[in-house]
Every structure is written in C-alpha cells, then in structure tokens.
Amino acid sequence: MIDLRQVRQDPEGARARLSRRLDASVGVMLDDILALDVQRRRILARVETLKAERNRATEEVARRKRAREPADDLLADLRASGDEVRALEGELREVELALDARVLEVPNLPAPECPDGDSSANAVIRTWGTPPTFAFAPRPHWELGEQLGILDLPRGAKLSGSGFPVFVGMGARLVRALENFMLDLHTQEHGYVEVSPPLLVNRASAQGTGQLPKFEEELYRVERDELYLLPTAEVPLTNLHRDEILDGAVLPIGYVASTPCFRREAGAHGKDTRGLIRVHQFDKVEIVRFVRPEEGAAEHARITSHAEAVLQRLGLPYRVLALAAGDIGFASACTLDLEVWAAGVGTWLEVSSASTFTDFQARRANIRYRPDPGAKPEFVHTLNASGLAFPRTIIALLENGQQADGSIQIPEALAPYLGTDRLVPRA
RNA sequence: GGCGUGGUGGCCGAGUGGUUUAAGGCAGCGGUCUUGAAAACCGCCGAACCGGCAACGGUUCCGUGAGUUCGAAUCUCACCCACGCCGCCA
C-alpha cells in the first residue's frame, strides 16, 4: 500500500504521480483518505490526552490502596472518564476501518522510469531472435495439438468447462519437461530456492500481494473455508515472509515455484481466448525476489534477464515491452512484459511480466528487514517475474517448431527433458 | 470431528488484577582489558502510532476480537494457530 505519511506530507505530489495511471477514481480516493486522516488524528489526540490523565489518576489509586488510604473520590471521576474514552474509541475505530479500507484500494505509485500514457504508449525496448519463416502456411497450435494427439480441449470442456485444457501423452510430458527445465535453470544458474507452496491461501495472503480487495472477481474462492485458489505463485512466495523482520545480511532472497494458477478471467471471453491463449487453469514457474530498496532498479533488470534466459535457451524469438504508467498492474511501480512470437496465430504473446513493486507489497504484507545489526527495520522491495507461463510457451514451441510434415522440432535445451527432439503426428 | 494442553519481544523463557516503564538469558550494538582476537566485566539494546524543526513528550501492543473493572499479559466469552490423545481418511 501507499505510504500514508508521504501522502499527508505531499498530497499534491502523490496526486500527480498517481494521475499517471489515468484512473479517475484515485483522485476521489485521495480526497477521502486525507479527510479521514485528519479526522483520525483529531480523535486520536483527544483519546490519548484522556488516557494520559486516566493513567495518572489510576496510579494515584494504586498508591493510595497500598497505603490503605481512601480513594472513592478519584474512582467516581474515573468511572465518568472511562465512559468518555470508550465512546471516543468507538468513533476512532470506525474512522480507522474506513481509512484502512480506502488505503488498500489505492494502487502503487508509478516509478519515474515508467513511460507516460496508456497501453498505446507501451514501448518495445529490445527484441531477441528472428521470427521463423515457412515455405507453407504455419498452422495454429490448436490444430497442431489435436493432430499430434497432445492437446484435448473438448474433453477439458467436458470435465470442467471452457478454458480447462487437457494435455495427453507427450503433451503431458511436455508440461513436465518444461517444469523441470525451468526449475533447473532458475535454481542451478540463477540461485533461486525452490519452493512447493500451498495452492490455497487465506485472505491476508491475497491482500498482502494486492489481489484483494480490488480483484475478488478474478479469484476462485473456496467459501466454506475462506480460502482462495492461487492466481499465481507470486502470492504464496511473497507472503512467505509476511509479518517478518529479515536480517539484512540474507538479502537478496530469491524463490522459485512451479504451480498451477487459477483465474476466473471474468468478462474476458471471446477475442484472443482461442486454444491455449487464455485459460482458467495453467501451470507457471514464478520467480520472486526480496531485495534492499537501493537495489530495486538493478534487481528489476536482473529478474527480467532471468525470465529472458528461459526464452533464449528455448530459442524462442521475443520482444521486451516497457509498459506505460496507464497500463501497469495495481501493485506494480514498473513492469516489463516479455512477448514471445507465435508463428501460427501470427502475433506476440505475453509469456512473462517482470515487475518491481517497490515497498508497496512489503507495506501491505509487513515485510521488513534490518539494514544493519541493531538498526531500525525498513520495508524491503519485492519483485517478481513469470519464468515462464506454460500455455503460451507451448503455443510458441508448437507453432514456431512446426515442420512441413506436421512434426514439431523441439529445442536442443528441452529435448533431454522431453526424451525426444521431435513430436510426430498420430498415424 | 471430539477431548486436553499451550500461544509473552529477533530467539528462549518468568510472570495469575495495581513499583510490569514485561524478570532473567541468548543474539546484537558500544566500551574496558588485549599486539590482535576470544573470554571476562560494564553499559545500551522491541515495534507501531500521535504531537514537535529538534531535544523530547504522549498513547498503544503479551495469538486475534469482544467483555468485566477505576485499572487486564493476568479474570470471562468467541475465534485462530500449534502440540498431544481418540475417531475418520489418501
């Protein structure tokens, strides 16, 4: 969440920075917050003064009791002031609840390096590799997948509904191969610690990373037990250190997890949802970093390079987009998207989003560190990136690797994991 | 699911209504001593919020939330979590 003190100190500065998100509602939020904050401090000052008086009188009562002197006159006064304190505390609680709820709705401040504008201002800052050319018309993955007998969308729909793909045979093995390949890369070469986290998380966790309260609609919810299915492993990985004070010497910390992700994708049906492009359940390898604030910018470049390494090893052409301030996610201060080229659908598909959240998630989840032994705790900076999301990686592998005979050439780096360098159509 | 026991600072742990501004220890920081280090000894040493330029002052916090009381770590209720036993179960 945003820093309330910073907002109070420089409301117009915060307003200007948030206005870059091009979201008209944040102005109203700030007005409400400033008003509630004034109200809160006014009540708080009165409560605390009353309590200070009461504490002094109470000590006097204790002294007299010990000395076996009468204290009835003081007790009568205290009874009255107790009622007043209780009433004021009730008022205070209401104001604080309203204030907290409002603060949780405010998105992060875009970073200076984040370009201005809406999504049309997203800028390609580099590209890697060359989209392959074909002597024939390249086909989309849903056709290839069916012909190869590795992807069964109709049966997925029968089991669960549209957007729940079934991978079969070498398709299922491809999922397993990608998981092992990516986990090995991040743990062995990038220094991440592998984690196998819970797939259901409580409300506090979903709030800590910023999924709640604003995006309740996007989450699958297990109402009976007040738990939510993960939309991304970012949630458990970041919340591992919720309400902790880390020793500064252990930073930076990096975690990697491969998990299923569940997204309701409310209202997203129709365009761009064909085949595996947008689904309700998919597997993803996620990397998360906890870093010192002064390392934030360098760490953003680092985590992005870790995600890029996956695409480079797979030989998949991609481009890096700097998202504009009007297009970055709720908790993000700056985001770089990696888009892989998919020859069959003839478009660039987002396979990773590398974000720095500055201290926004750390505030929400109360994740701090001690810069030096004995020093005051400060909020860490958190970052994450997909490394990578499987369905669109599979799309690119199938569509870019397709041959005239309908077989698929598998990249050298992945072949040992898959047990073959070629997928062939069913007879 | 049932019954029982417990939850205290970065960590361990004492504390059952009023000198608790939470004992003591460990870790950490500073110092004495030492060529240096260790040991020993001495001192400091939790977090959040409010006011203040600051020095400083004030309030709150003993799993969470309500309640009793002039006053709650301490008493009552509910909930959460951990552990143990029983039941059920992959």
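Values reported hereafter were calculated over all heavy atoms of this structure, with side chains retained and with hydrogens, waters and symmetry mates removed. First the proteins, then the strands, lettered A, B, ... as listed; each starts at 1.
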Exercise. Roughly how many Å is it from CD in A:Glu244 to C1' in B:C11, rounded to a whole number?
Worked result: 13 Å
Exercise. Over how many whole Å does the gap from A:Arg368 atom CZ to B:A47 atom P extend?
Worked result: 8 Å
Problem set entry | Nearest-angstrom distance, P atom, B:G87 to B:G15 | 35 Å
Problem set entry | Parallel, tilted or perpendicular: ring planes of A:Tyr192 versus A:His190, cut at 30 and 60 degrees | perpendicular
Exercise. Pairing of RNA chain B as dot-bracket, 5' to 3': ( ) intra-strand, [ ] crossing, | other strand, . unpaired, with Watson-Crick or G-U pairs under 3.5 Å?
Worked result: ((((((((.[[[..)..(.....]]].(((((.......))))).((((((....)))))).[[[[[..)....]]]]])))))))....
For this session: Could you work out which one of B:G58, B:G71, B:G51 sits closest to the side chain of A:Thr58?
Result: B:G71
Exercise. Within less than 4.0 Å of OP1 or OP2 of B:G46, is there a side-chain N or O belonging to A:Lys376?
Worked result: no
Exercise. Are a donor atom and an acceptor atom from the side chains of A:Tyr318 and A:Glu339 found within less than 3.5 Å of each other?
Worked result: no
Problem set entry | B:C3 and B:U68, which share atom name P, separated by this distance in whole Å | 28 Å
Problem set entry | A:Arg370, nearest nucleotide to its side chain (from B:C50, B:G10, B:U60) | B:G10
Seminar exercise, completed: Whole-Å distance, A:Arg42 CZ to B:G58 P, equals 25 Å
Exercise. Picking from B:U60, B:G58, B:A47, which would you name as closest to the side chain of A:Ala52?
Worked result: B:G58
For this session: Write down the distance between CG (A:Asp100) and C1' (B:A48), rounded to a whole number of angstrom.
Result: 13 Å
Seminar exercise, completed: Whole-Å distance, A:Glu89 CD to B:A72 C1', equals 14 Å
Exercise. In terms of side-chain heavy atoms of A:Arg54, which of B:A48, B:U60, B:C50 is nearest?
Worked result: B:U60
For this session: Starting at atom NZ of A:Lys51, determine the distance to atom P of B:C50, rounded to an integer number of angstrom.
Result: 15 Å
